[in-house]
Amino acid sequence: PRLPDACQNLGAALFRVGDYQAAIAAYNQALSIQPSPLVYRNLGCALETVALWNEARDAFERYARLLDDDPFTLVRAAGVCPSVFEDGQAIHEFRQQLESTLLAAIDRRPTLSFAELLDRDSRPHFNVQFHGLCDRTIREQYAQLLTPSFEHLSRPSKREGKPSVGFYVAPGHEYAF
């Protein structure tokens, strides 16, 4: 295809059927025609799926730049997390960078609709829990980041104190929060 939307749609279809390398090629073709936040996001997801961590992070960072450094998107980029790190120092550096990005995003108090939050895919990476370290602080920071987007919802009672942090796993949809 020569139209960016056609390339993006082809990439999405290929991703859905599990042909990640072909999806990556289609997304790159779309980007060579016309850069788009959606295509960078989808490229990042495809690269992350095939464990190309640095390339995925780069795609998500480009996605963020096209959205005027949207804090949720910057957190998504910082949260790209390999399953295995070289050593404990690499884990420590990753977590420091992620926490720094989260704190900067929290300071901006961004708010998005539920649909926009899903689109930004700003959730804790599933692999964070396997670092052999307590991830409660990171999860609480994610909760603080998301809280302003939900403050307008009516609640039976206002809770005081730390945000609630939980964990959810469903077959095929492993998300940690």
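Residue numbers start at 1 and run along the sequence shown. Treat the numbers as computed from the prediction; the structure is a model and nothing was measured.
At distances below 3.5 Å, at least one donor-acceptor pair connects side-chain atoms of D70 with backbone N or O atoms of T73. Here the side chain of N28 pairs a donor or acceptor atom with the backbone of I24 at under 3.5 angstrom. Formation of a donor-acceptor pair under 3.5 Å by the T101 side chain with backbone atoms of A78 is not found in this model. With hydrogens and angles ignored, the 3.5 Å screen pairs a side-chain donor or acceptor of E116 with a backbone N or O of S113. A distance-only check finds no donor-acceptor pair linking the side chain of Y40 to the backbone of L66 [under 3.5 Å].
Both V39 and L67 are part of a single hydrophobic cluster, where members link through side-chain heavy atoms under 4.5 Å apart. Hydrophobic clustering keeps L3 apart from Y27 (ILVMFWY residues linked when any side-chain heavy atoms are closer than 4.5 Å, directly or through intermediates). L52 and V80 fall within the same hydrophobic cluster, where Ile, Leu, Val, Met, Phe, Trp and Tyr residues are linked whenever their side-chain heavy atoms come under 4.5 Å apart, directly or through other members. Residues V75 and I106 are members of one and the same hydrophobic cluster, defined by side-chain heavy-atom contacts under 4.5 angstrom among Ile, Leu, Val, Met, Phe, Trp and Tyr. F85 and V50 fall into different hydrophobic clusters, where Ile, Leu, Val, Met, Phe, Trp and Tyr are joined by side-chain heavy atoms under 4.5 Å apart, directly or via other members.
Considering every non-hydrogen atom in both P148 and T111, the closest pair reads O-CG2, 3.3 Å. Minimum heavy-atom separation, A105 to P110: O-CD, 3.2 Å.
Contact check for Y142 versus L98: side-chain heavy atoms found under the 4.5 Å cut-off. With a 4.5 Å cut-off on side-chain heavy atoms, W53 and C81 do not count as touching. The closest side-chain heavy-atom distance from I33 to C7 is below 4.5 Å. Side-chain atoms of L145 and Q141, non-hydrogen and from C-beta on, never get closer than 4.5 Å to each other.
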Going through the distances and angles, do F72 and L146 end up as a side-chain contact (heavy atoms from CB on, under 4.5 Å)?
CA-CA 9 Å; F72 290 100; L146 296 171; 3.8 Å; yes
Does the salt bridge (Lys or Arg N to Asp or Glu O under 4.0 Å) test come out yes or no for E99 and R95, once each step is laid out?
CA-CA 6 Å; E99 287 188 43; R95 292 170 71 96; 5.1 Å; no
Go through the steps for L74 and F60 under the test side-chain contact (heavy atoms from CB on, under 4.5 Å), then give the verdict.
CA-CA 7 Å; L74 290 170; F60 286 122; over 6 Å; no
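The CG atom of L103 sits 7.5 Å away from the CD atom of Q144 when rounded to the nearest 0.5 Å. Distance check, rounded to the nearest 0.5 Å: CZ of R62 to CG of L31 gives 8.5 Å. To the nearest 0.5 Å, atom CG of residue D5 and atom CG of residue N9 are 6.5 Å apart.
Annotation for D87: atom CG counts as buried by contact number, over 12 foreign heavy atoms lying within 6.0 Å. Environment of CD in Q89: crowded, with over 12 heavy atoms of neighbouring residues, nucleotides or ligands closer than 6.0 Å.
We find that R76 and E61 are not joined by a salt bridge, their nearest charged nitrogen and carboxylate oxygen being 4.0 Å or further apart. One finds no salt bridge joining D69 and R65 here, because no Lys/Arg side-chain nitrogen approaches an Asp/Glu carboxylate oxygen to under 4.0 Å.
Side-chain contact, S100 with Q97: no donor N or O sits under 3.5 Å from an acceptor N or O.
Taking the six-membered ring for Trp and thresholds of 30 and 60 degrees, F15 and Y20 have ring planes more than 60 degrees apart, a perpendicular arrangement.
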